[in-house]
Novice: 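This structure is in structure tokens; I'll ask about it shortly.
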Amino acid sequence: MKKFINILLCAVMVLSTAACSSNEESIYTSGTYSAKAKGFGGDVVVSITTDSTQITDVDIDASLETPSIGGNAAESLREAIIENQNVEVDVVTGATVTSNAVIAAAKKAISQAMGVEVSKTALTDGTYSTKSVGYSWTGMIYTDVVIENNAIKSITITEEHDSETGEMAATAYTNMIPRLLEVQSLSVDAISGATSTSNAIKDCVSQAIELAGGDASEWYTDIAKSNETIKLEGYDVIVVGLGGSGIMSYCAAAEEGATVFGIETTAKLGGQSATTTGPMVIDSKSPAFEGVTFANPDEVYQVWLDYVESDEKADIIHEAVYNSGKYLDYYIENFGLDFAGMILSFVRPQWSQFWTMYVGENNTSNIFGPNKTYQYNRSMDLAVAMNEKNDYKLELTAEELIYDNNEIVGVKATYYDGTTYEIYGDTVILATGGYIGNEEMVLENWGVMPNTVSSLVNDGTGIEMGLSAGGTTYMMGVDPMIHILQVPNLIKNDDLTANQKAILSALALVKGEKAVTINGTPLDPTWVEAQIPGYKYYNIYSEEQINSYKNTGLTENFAYATSMFMSQGGSFEVGKPISDMDTILEVGMNYNNVLHADSISELAKQIGCEEATLRETLGDNDTSYYAVAVSGYTYGSVGGLDVDINMNVLREDGTAISNLYAVGTDSMGVENIEGKPYTPWGGQAHAWIFTSGYLGGKAAAKNGMAK
Ligand SMILES: Cc1cc2nc3c(=O)[nH]c(=O)nc-3n(C[C@H](O)[C@H](O)[C@H](O)COP(=O)(O)OP(=O)(O)OC[C@H]3O[C@@H](n4cnc5c(N)ncnc54)[C@H](O)[C@@H]3O)c2cc1C
């Protein structure tokens, strides 16, 4: 897609730089001009420096974009704008939102240099049907955008699949669409936690503007932000992050009698916890588990200590094992949580009576698990009602701790409209869900940015706050949580139908006869191996095998494999010939999910491994091969702040920062060990929200109320 400066008066001069230069005709007032537009993660700021006839420099601040995607796009756009001397530049593939923001901001800055205003091109009234890729693995977002009198009149979602991956998408539909209609600007903020869905809607609107004869880059008009500061004072406990662990600690503190304020950046309660199936639990007395024979706690405790090869945090692991049932029961009894009995622990089947599942709202579920935000809403309603001062605020992003004489006295946060909140309290509980959304921390700890199924809103803010207060980390580098495998480059658009994607997934996920690692050695596809960040392997098929699937279809093995992993919405019939196999493989190749080679040496080159090794693995049979790639998809980080049994954040010397606590993923390193995947029994991560939430909430409340 090409973008043009659309300023009638100067169009000829700008679009024909050579003519301008040769005539030495003045186009710009020399200087540096800056403008911004909303990118994927936040504002992109472009500064254009000109002399009277040329753009001499372009500076793009895209620091809020994902560095490896938007950051790279910004650099290539910078070069293109300087080279072309205008914004007639190609959008960078895979970074459309960032590219459009850079182009829109550059256009505004150039128009300032020319001393003219960016005017909006007239639009033709009509209803424009558009589609874009959002968060979902299973399908795109389709909209009908009505344009009337040069304004965006309405945006109707006609089909969407983002809700199938959880309840967060709804916040983009209910919160962002009315805001976009009100401000009539594509610079409207994405809803925190629903960034992909929000940006897909904005992309649909951009396309509608273009279809109506307009230029979407003219629609990034600035939106006024509040510069008000609101101070809230007198809380015993402030909870930062209202996902699972934040809500559990809020409830425990409120029940203890403390006054509590909660800060949540997204537009709904629950965080990643609202996408989980459920926690591990032992010896719950709740009627939900009547008749259940639980796993033996002595055995689990010992296996756990052996796994982490240390008894340094034995007191905490003891709580997590022996009191997991007790803490869960506390929330069931006092805060209305609802569970539906036990399910098989798929990681350690011998502990089958171990992993319990939430009851979904009206027994509904999404592809990650039961729809359960209603349960968290109910728990918070009950907790807030325990004291009339108790409160919480959504779309409020915590940024830093407030200190007075080196003591933590509160939290500074920003509301989506720009209002600054200073919330003062005696104790602070950090519950921001770890660091998967912080590329810098991820690369520092894992060396690669893994594929993820989690929201990147959990960007390490809690851990950074803890560190800034003098705290230290514990097992920060534990590998990310990975239970899910899929092709490395999800095809989220409709280049393939859902059923075609299901076949590609099956070819990737089946435990093939010839599966090889990236080194060309035979694969042992165990969970442990799959949890290595950046993990990838290839299922290798000869042309002959592929032809046989074309003619006689896939077998039961393939169906079993795909049922274990993340569905992309479609299905296939075992034994049914696959007439479109060539299309599936070809599209797979376009996305680097499939390699095709006519010999082992060619395949080795493409995989990047030693030919001799691959030859040994594949049995020295030189024929035509397809290699279908598989990658791990992570739930989130594991390591975090060091804490004691009260969830009090610890300094490197082991002393506690008396009024700072960390719960949930922000402190889950204490149950794990670096160099191994996180403890391999299903539900451990989610069980930690109850154990750490209860212990941290109670301790912070007692501490805060005593001050
Ligand atoms: C798809 C999926 C399925 C999973 N299934 C399971 C499972 O079945 N069993 C299991 O044990 N584990 C599972 N997990 C892991 C799960 O994430 C943990 O079990 C646990 O629920 C995390 O809780 P938490 O409170 O630490 O994080 P979250 O629930 O994510 O809460 C963190 C909260 O902090 C908020 N926040 C972040 N930054 C800020 C800020 N600056 N200001 C204000 N708020 C902020 C976030 O918006 C969020 O609401 C799953 C994870 C995913 C992604």
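Counting convention: from 1, in listed order, for ligands and their atoms alike. On a predicted model such as this, the values are computed, not experimentally measured, just so you know. Positions are given from 1, in the same order as the sequence printed here.
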Novice: When you compare the side chain of Phe690 with that of Pro279, does any pair of heavy atoms fall below 4.5 Å?
Specialist: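 Sidechains of Phe690 and Pro279: in contact.
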Novice: Suppose we measure from atom 2 (C) of ligand 1 to each protein heavy atom; which comes out shortest, and what is that distance?
Specialist: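 Looking at atom 2 (C) of ligand 1, the protein heavy atom closest to it is Thr275 OG1, 3.4 Å.
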Novice: Any atoms of ligand 1 less than 4.0 Å from a non-hydrogen atom of Ser245? List them with their elements.
Specialist: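 What qualifies from ligand 1 is 24 (P), 25 (O), 26 (O).
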Novice: What atoms of ligand 1 come closer than 4.0 angstrom to any heavy atom of Thr266?
Specialist: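 Numbered from 1, ligand 1 contributes 47 (O).
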Novice: Atom 31 (O) of ligand 1: which protein heavy atom is closest, and how many Å away?
Specialist: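 For atom 31 (O) of ligand 1, the nearest protein heavy atom is Gly243 CA, 3.1 Å.
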Novice: Polar contacts were defined as any N/O atom of the residue lying under 3.5 Å from an N/O atom of the ligand; does this apply to Gly244 and ligand 1?
Specialist: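 Yes, Gly244 has an N/O under 3.5 Å of an N/O on ligand 1.
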Novice: Starting from atom 47 (O) of ligand 1, locate the nearest protein heavy atom and write down its residue, its atom name and how far away it is, to 0.1 Å.
Specialist: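 Among all protein heavy atoms, the one nearest atom 47 (O) of ligand 1 is Glu264 OE2, 2.6 Å.
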Novice: Heavy-atom distance to atom 15 (C) of ligand 1: which of Gln684, Met481, Glu400, Met465 wins?
Specialist: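 Minimum heavy-atom distance to atom 15 (C) of ligand 1 goes to Met481.
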Novice: Any atoms of ligand 1 less than 4.0 Å from a non-hydrogen atom of Gly433? List them with their elements.
Specialist: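 Within the 4.0 Å cut-off of Gly433, ligand 1 contributes 26 (O), 27 (O), 32 (C).
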Novice: Is the contact between Thr665 and ligand 1 made by the side chain, the backbone, both, or neither, using heavy atoms and a 4.0 Å cut-off?
Specialist: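 Contact part for Thr665 vs ligand 1: both backbone and side chain.
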Novice: Decide if atom CD of Glu233 counts as having more than 12 heavy atoms of other residues, nucleotides or ligands within a radius under 6.0 Å.
Specialist: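 Counting neighbours around CD of Glu233, more than 12 heavy atoms of other residues, nucleotides or ligands fall under 6.0 Å, so yes.
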Novice: Any N or O on His686 sitting closer than 3.5 Å to an N or O of ligand 1?
Specialist: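 Yes, His686 has an N/O under 3.5 Å of an N/O on ligand 1.
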Novice: May I ask you to identify the nearest protein heavy atom to atom 1 (C) of ligand 1, giving residue, atom name and distance to one decimal place in Å?
Specialist: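 Ranked first by proximity to atom 1 (C) of ligand 1 is Phe368 CD2, 3.3 Å.
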Novice: Below 3.5 Å, N or O to N or O, backbone or side chain included: is there any such pair between Gly278 and ligand 1?
Specialist: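 N/O-N/O distance under 3.5 Å: yes.
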Novice: With a 4.0 Å heavy-atom cut-off (strictly under), which part of Glu399 contacts ligand 1: side chain, backbone, both or neither?
Specialist: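 Neither part.
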Novice: Checking side-chain hydrogen bond (donor to acceptor under 3.5 Å, both in side chains) for the pair Asp329/Ser286: CA distance, chi angles, key distance, verdict?
Specialist: CA-CA 6 Å; Asp329 291 351; Ser286 166; 4.8 Å; no
Novice: If we only count N/O pairs under 3.5 Å, is Ser273 in contact with ligand 1?
Specialist: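 Checking ligand 1 against Ser273, an N or O pair does fall under 3.5 Å apart.
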Novice: Would you mind running through ligand 1 and noting each atom that sits below 4.0 Å from a heavy atom of Gly270?
Specialist: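 Taking each heavy atom of Gly270 in turn, ligand 1 has 29 (O) under 4.0 Å.
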Novice: Please list the nearest protein heavy atom to atom 46 (C) of ligand 1 with its residue and the distance rounded to 0.1 Å.
Specialist: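 Nearest neighbour among protein heavy atoms for atom 46 (C) of ligand 1, to 0.1 Å: Asn458 OD1, 3.3 Å.
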Novice: Between Tyr358 and Phe339, does the ring centroid distance fall short of 6.0 Å?
Specialist: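 Close enough - the centres of the two rings lie under 6.0 Å apart.
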Novice: Could you tell me whether the side chain of Lys313 reaches within less than 4.5 Å of the side chain of Val308, counting heavy atoms only?
Specialist: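 Val308 does not reach Lys313 side chain to side chain.
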Novice: Check whether the ring centres of Trp688 and Tyr678 lie less than 6.0 Å apart, and answer yes or no.
Specialist: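 No.
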Novice: If the test is side-chain hydrogen bond (donor to acceptor under 3.5 Å, both in side chains), which one of Asp417, Thr419, Thr414 qualifies with Ser226?
Specialist: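 The side-chain hydrogen bond (donor to acceptor under 3.5 Å, both in side chains) with Ser226 is passed solely by Thr419 among Asp417, Thr419, Thr414.
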Novice: Which of these, Thr432, Leu242, Val663, has its nearest heavy atom closest to atom 38 (N) of ligand 1?
Specialist: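 Nearest option to atom 38 (N) of ligand 1, by heavy atoms: Thr432.
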Novice: Is the shortest side-chain heavy-atom distance between Leu328 and Thr356 below 4.5 Å?
Specialist: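 Yes, close enough: below the 4.5 Å cut-off.
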Novice: Taking the side chain as every heavy atom from C-beta outward, state whether Glu400 and Glu464 have any pair of such atoms under 4.5 Å apart.
Specialist: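 No, their side chains stay 4.5 Å or more apart.
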Novice: If the test is side-chain contact (heavy atoms from CB on, under 4.5 Å), which one of Val359, Thr364, Thr275 qualifies with Asn371?
Specialist: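 Among Val359, Thr364, Thr275, the one that satisfies the side-chain contact (heavy atoms from CB on, under 4.5 Å) with Asn371 is Thr364.
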Novice: Checking side-chain hydrogen bond (donor to acceptor under 3.5 Å, both in side chains) against Glu395, which of Asn175, Thr266, Thr171, Thr265 comes through?
Specialist: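 Among Asn175, Thr266, Thr171, Thr265, the one that satisfies the side-chain hydrogen bond (donor to acceptor under 3.5 Å, both in side chains) with Glu395 is Asn175.
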Novice: Does the side chain of Asp666 reach to within under 4.5 Å of the side chain of Ile463, using non-hydrogen atoms?
Specialist: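 In contact.
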Novice: Counting only nitrogen or oxygen atoms and a 3.5 angstrom limit, does Thr265 reach ligand 1?
Specialist: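 Indeed, backbone or side chain, Thr265 has an N or O that close.
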Novice: With sequence neighbours left out, write down each residue that passes ring-ring contact (aromatic ring centres under 6.0 Å, His included) with Tyr416, or none if nothing qualifies.
Specialist: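 ring-ring contact (aromatic ring centres under 6.0 Å, His included) check on Tyr416 returns nothing, list empty.
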Novice: For residues Met380 and Tyr250, determine if any side-chain heavy atom of one lies less than 4.5 Å from a side-chain heavy atom of the other.
Specialist: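 They are in side-chain contact.
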Novice: Write out the residue and atom name of the closest protein heavy atom to atom 28 (P) of ligand 1, then the distance separating them to 0.1 Å.
Specialist: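 Protein heavy atom at minimum distance: Gln272 N, 3.5 Å.
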Novice: Is the closest N or O pair between Thr277 and ligand 1 shorter than 3.5 Å?
Specialist: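 Looking only at distances, the answer is yes, because the N/O contact criterion of under 3.5 Å is met.
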Novice: Counting only heavy atoms, which portion of Tyr635 has something under 4.0 Å from ligand 1: side chain, backbone, both, or neither?
Specialist: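 For Tyr635, the contact with ligand 1 is made by both the backbone and the side chain.
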Novice: Is the closest N or O pair between Thr276 and ligand 1 shorter than 3.5 Å?
Specialist: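 In this structure, Thr276 places no N or O atom under 3.5 Å from an N or O of ligand 1.
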Novice: Report the residue from Asp426, Asp236, Asp391, Asn390 that forms a side-chain hydrogen bond (donor to acceptor under 3.5 Å, both in side chains) with Thr259.
Specialist: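 When Asp426, Asp236, Asp391, Asn390 are each tested with Thr259, the side-chain hydrogen bond (donor to acceptor under 3.5 Å, both in side chains) holds only for Asp236.
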Novice: Distance under 4.0 Å to a non-hydrogen atom of Ala431: what atoms of ligand 1 satisfy this?
Specialist: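 It comes down to these atoms of ligand 1: 32 (C), 33 (C), 34 (O).
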Novice: Relative to the heavy atoms of Gly683, which atoms of ligand 1 are at a distance of less than 4.0 Å?
Specialist: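 Taking each heavy atom of Gly683 in turn, ligand 1 has 9 (N), 10 (C), 11 (O) under 4.0 Å.
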Novice: Side-chain donor-acceptor pair under 3.5 Å between Tyr694 and Glu319, yes or no?
Specialist: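 No pair is found: no donor N or O on one side chain lies under 3.5 Å from an acceptor on the other.
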Novice: Of all the atoms in ligand 1, which lie at a distance below 4.0 Å from a heavy atom belonging to Val457?
Specialist: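 Heavy-atom distances to Val457 below 4.0 Å select 37 (C), 38 (N), 47 (O).
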Novice: Which bit of Leu396 gets closer than 4.0 Å to ligand 1, counting heavy atoms only: side chain, backbone, both or neither?
Specialist: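 The part of Leu396 near ligand 1 is the backbone, not the side chain.
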Novice: Evaluate Ala398 for polar contact with ligand 1, using N/O atom pairs at a separation under 3.5 Å.
Specialist: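 Yes, since at least one N or O of Ala398 sits under 3.5 Å from an N or O of ligand 1.
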Novice: Under 4.0 Å from any heavy atom of Thr397, which atoms of ligand 1 are there?
Specialist: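 This gives 41 (N), 42 (N) as the contact atoms.
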